[in-house]
Chemist: 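Here it is: the structure, laid out below.
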Amino acid sequence: MNQLLFLFASGFRANLAFANLSNPANMPPSENQKADETEQEIEVGDFIQWESNGALQMAEPMRVRAIQEDDGARWVFVEGCETGIPMEEAIFERKGEQGAPKAKVPPTLPLAAPAAAQ
């Protein structure tokens, strides 16, 4: 039994050395470290990404245009989109540049054509 345990432990150490995981700098971040990295408070003007069910929902980060609270839930609204994103699914990407001109984005809802005069 002791010999089997010794073989397992030596094989485990060899695998750690091969994967270079014995160096703490090469270890993947823990759940606590991931939470610390995402603690950045999202504000209007910042760029965010939306992750829902483990998949990113936007092709590129978008600028936050509004943040609202409804029944205790916080929602983020981005430019060019009318849909609210749950704050817990928003991932902070970067701060928005102060004073940077906003990109002109066409409205997301179609405008109705004027009625024809009779």
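Atoms considered below: every heavy atom in the structure, side chains included; atoms not considered: hydrogens, waters and symmetry mates.
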Chemist: Distance-only, no hydrogens or angles: does the R63 side chain make a donor-acceptor pair with backbone N or O of G45 under 3.5 Å?
Modeler: yes
Chemist: When you measure from the side chain of R65 to the backbone of C81, do you find a donor-acceptor pair of N or O atoms at a distance under 3.5 Å?
Modeler: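 Confirmed, R65 side chain pairs with C81 backbone.
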Chemist: Before you tell me yes or no, could you show the steps for E93 and M62 under side-chain contact (heavy atoms from CB on, under 4.5 Å), namely the whole-Å CA-CA distance, both residues' side-chain angles and the distance that decides it to 0.1 Å?
Modeler: CA-CA 9 Å; E93 289 288 328; M62 298 185 75; over 6 Å; no
Chemist: With no hydrogens and no angle check, is any side-chain donor or acceptor of Q49 less than 3.5 Å from a backbone partner on M58?
Modeler: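 Side chain of Q49 to backbone of M58: a pair is present.
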Chemist: With R74, which of Q68, E88, M87 fulfils side-chain contact (heavy atoms from CB on, under 4.5 Å)?
Modeler: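 Among the candidates, only M87 passes.
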Chemist: Count the heavy atoms of every other residue, nucleotide or ligand shown that sit under 6.0 Å from CD of E60, and state whether that count exceeds 12.
Modeler: no
Chemist: Can you name the residues that form a salt bridge (charged side-chain N to carboxylate O under 4.0 Å, His left out) with E89, not counting sequence neighbours?
Modeler: none
Chemist: Is there a path of hydrophobic side-chain contacts, each under 4.5 Å between heavy atoms of I/L/V/M/F/W/Y residues, joining V64 to W50?
Modeler: yes
Chemist: Measure across D46 and F92 and return the closest heavy-atom pair with its distance rounded to 0.1 Å.
Modeler: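 So the minimum-distance heavy-atom pair works out to OD2-CE1, 3.6 Å.
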Chemist: Between I42 and A90, which heavy-atom pair has the shortest distance, and what is it?
Modeler: CD1-CB, 3.7 Å
Chemist: Using the rule that two of Ile, Leu, Val, Met, Phe, Trp, Tyr join whenever any of their side-chain heavy atoms come within less than 4.5 Å, decide whether I85 and I67 are in one cluster.
Modeler: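 I85 clusters together with I67.
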